Q: 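Could you have a look at this structure, given as structure tokens, before my questions?
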2 protein chains.
Amino acid sequence: MKATGKPAQVHFAYQQIADEIEAQILRGDLNPGDQLPGEAELAGQFGVTRSTLREGLRQLESDGLVHRPSPRRLEVAVPQADQLTTRSGRAMALMKVTFRELWQVTMMTEPLAARLAAEHGTEDEINGLQSLHAETVAAEGMMKRTISLDEDFHTRLADMGRNRVLGLAREPIALLLFRGFEQIAPFAPKFYKRQIEAHSNIIAALRDRDADRAEKWARMHIEDFWRGAQIAGLEDEIALNPRALS
Amino acid sequence: MKATGKPAQVHFAYQQIADEIEAQILRGDLNPGDQLPGEAELAGQFGVTRSTLREGLRQLESDGLVHRPSPRRLEVAVPQADQLTTRSGRAMALMKVTFRELWQVTMMTEPLAARLAAEHGTEDEINGLQSLHAETVAAEGMMKRTISLDEDFHTRLADMGRNRVLGLAREPIALLLFRGFEQIAPFAPKFYKRQIEAHSNIIAALRDRDADRAEKWARMHIEDFWRGAQIAGLEDEIALNPRALS
DNA sequence: CTTGCATTTAGTGTCGGACACAAAGCCCGT
DNA sequence: ACGGGCTTTGTGTCCGACACTAAATGCAAG
């Protein structure tokens with residue numbers, strides 16, 4: 001039976017500072033884009049030295065709650081996905097998650113992304129996807145380029161669904177999984193073609209606003225990927241490549 | 001076209017320190033549990049002052065890569081979920097995501113969690129879930145307690161599936177969504193009973209190792225939740241309560 | 001020789017002051 | 001009015017210092 005909020009250990013000054021500013025941001029007293037006073041002034045406000053205050057700021061900065069557009073300006077940051085993506089990616093890397101775990105989840109996220117994209121994607125976005133797909137076709141056989149384009153394709157597809165929660169959740173997972181293509185491509189060269197087929201079918205389904213078909217093809221696409229992983233014997237291999245993050 | 005790794009801006013000493021130690025951890029030169037030297041020694045190693053080094057440490061600490069079990073001991077941390085959960089939760093809060101977005105994703109994660117739990121959960125875990133469920137039944141009508149127990153139920157269910165990726169991805173989302181029960185309960189008192197029914201059916205399915213049935217009941221459970229949200233008119237409301245995080 | 005307590009010691013958290021360097025603002029001569 | 005040089009302001013880094021506490025050590029009693 002734990003209470004709602006737990007202030008817990010707050011002896012340390014730098015921690016209190018970070019917590020206080022964080023609270024102000026969450027509470028809405030400070031809004032993304034707002035500029036904060038200089039370090040000297042802030043330090044004065046909180047009654048600590050600059051050194052101490054700076055430690056608190058570092059923490060907020062690395063939490064992505066504030067950032068410095070120029071060294072001169074310290075402002076409240078708008079949370080950005082890639083920030084979280086690296087964090088989760090690192091965590092999963094350290095946890096040594098397997099391809100199986102990544103795949104099980106991706107089997108849900110990508111079909112959902114495709115479905116939502118079919119429902120909400122605009123004409124322009126579909127056209128953008130189409131031209132991206134053209135690049136992919138042209139890059140057949142070029143592994144690294146294909147991976148990069150594939151990541152891009154799926155990320156854009158997810159963005160089209162107008163669901164930021166899905167975008168946030170799937171990005172780090174999909175990234176890690178798709179990167180595994182590097183290890184399966186040598187075993188299954190024909191997967192280039194199957195990927196191209198799947199992508200173009202997804203695009204066609206989007207054009208028809210056929211959510212079911214989009215979802216189905218996305219599912220088949222990811223299933224295909226799994227077959228490749230099986231051929232390469234990766235099912236329970238650890239999915240990284242720590243230096244892939246850096 | 002972006003290259004793979006981008007070291008980018010690294011003029012700042014504290015940043016370089018954080019990056020270097022992070023790299024050592026990711027690379028495996030430092031493993032979770034390893035103790036690091038004292039600040040003075042580290043500062044000497046990197047050729048900076050303690051103040052500067054400390055700023056780097058703060059950053060690593062807030063990244064969850066190192067932590068202090070006692071103020072005296074600084075060691076490489078094992079990445080823990082709740083760390084990421086607060087981060088993502090905060091991000092979604094600031095993004096002002098809607099219940100709809102949360103629900104759409106949860107409609108995928110919880111059924112998958114139930115399915116995997118049916119496949120991999122141990123007898124002990126199922127019993128644990130059962131007694132948790134008993135508490136929930138006893139708490140019928142007590143909103144806050146019910147919410148807390150519900151969160152716990154679903155988290156445990158997810159843990160049973162032996163998929164850490166799913167656990168990581170769903171936790172912050174489910175937390176935010178379920179907390180919305182606080183706003184729907186007043187409108188739909190009968191949902192206490194429906195929740196109890198769903199949970200006990202899920203448990204029964206787990207006992208029978210019936211993945212399909214477990215998945216189905218989980219889906220119905222979340223659908224029910226959505227109906228409640230509709231009754232309360234929350235569909236496109238912002239899902240928080242910033243102080244729910246604290 | 002082991003155990004319990006007091007003491008030393010090492011290390012963290014915080015302070016205050018200081019300086020170089022860069023950007024933002026200001027001033028002035030043409 | 002305008003551009004270039006000067007001043008101001010603020011960050012990044014350094015240095016030295018001190019209180020407080022937890023770990024290590026030494027000492028005394030069993």
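The structure displayed is predicted, hence computed values, not measured ones. In what follows, chains are A, B, ... by sequence order, proteins preceding strands, each numbered from 1.
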Q: Between A/Gln59 and A/Glu55, is any side-chain donor less than 3.5 angstrom from a side-chain acceptor?
A: no
Q: Report the residue (B/Ser51 or A/Leu74) whose heavy-atom-nearest nucleotide on DNA chain D is the more 5′ of the two.
A: A/Leu74
Q: How close or far is atom P of D/dT21 from atom CZ of A/Phe12, stated in whole angstroms?
A: 11 Å
Q: May I ask you to test the A/Phe12-A/Ile17 pair for a side-chain heavy-atom distance under 4.5 Å?
A: no
Q: Decide whether A/His120 and A/Asn163 meet the rule of one side-chain donor and one side-chain acceptor closer than 3.5 Å.
A: no
Q: Both B/Gly38 and A/Leu53 contact DNA chain C. Which one's nearest nucleotide lies toward the 5' end?
A: B/Gly38
Q: Pairing donors with acceptors under 3.5 angstrom, does anything connect the side chains of B/Ser62 and A/Ser62?
A: yes
Q: Taking C-beta and beyond as the side chain, do A/Met160 and A/Ile126 meet within less than 4.5 Å on heavy atoms?
A: yes
Q: Going 5' to 3' along DNA chain C, which are the first and last nucleotides with any atom under 4.0 Å from a heavy atom of chain B?
A: C/dA10 to C/dT14
Q: Give a yes or no on whether a donor-acceptor pair under 3.5 Å exists between the nucleobase atoms of D/dG16, that is its base, and the side chain of B/Arg50.
A: no
Q: Rounded off to whole Å, could you give me the CD-to-C1' distance for the B/Glu55 and D/dG12 pair?
A: 8 Å
Q: With heavy atoms under 4.0 Å as the rule, sort A/Thr52 into base, sugar-phosphate or nothing.
A: sugar-phosphate
Q: Take the protein atom CD of A/Glu61 and the nucleotide atom C1' of D/dG12, then report the distance between them rounded to whole Å.
A: 12 Å
Q: Within the 4.5 Å heavy-atom criterion, are A/Arg58 and B/Arg54 side-chain neighbours or not?
A: no
Q: Nearest whole Å is fine: how far is D/dT11 P from A/Leu42 CG?
A: 9 Å
Q: Taking all non-hydrogen atoms of both residues, which atom of A/Leu84 and which atom of B/Ala91 are closest, and how far apart?
A: CD1-CB, 4.0 Å
Q: Expressed in angstrom and rounded to an integer, what is the separation of A/Glu39 atom CD from D/dT9 atom C1'?
A: 12 Å
Q: Counting only non-hydrogen atoms, which of residues 64-73 of chain B are less than 4.0 Å from DNA chain C?
A: B/Arg68, B/Pro71, B/Arg72
Q: State, with a plain yes or no, whether a side-chain heavy atom of B/Val78 is found less than 4.5 Å away from one of A/Leu94.
A: no
Q: Distance-only, no hydrogens or angles: does the B/Thr146 side chain make a donor-acceptor pair with backbone N or O of B/Met142 under 3.5 Å?
A: yes
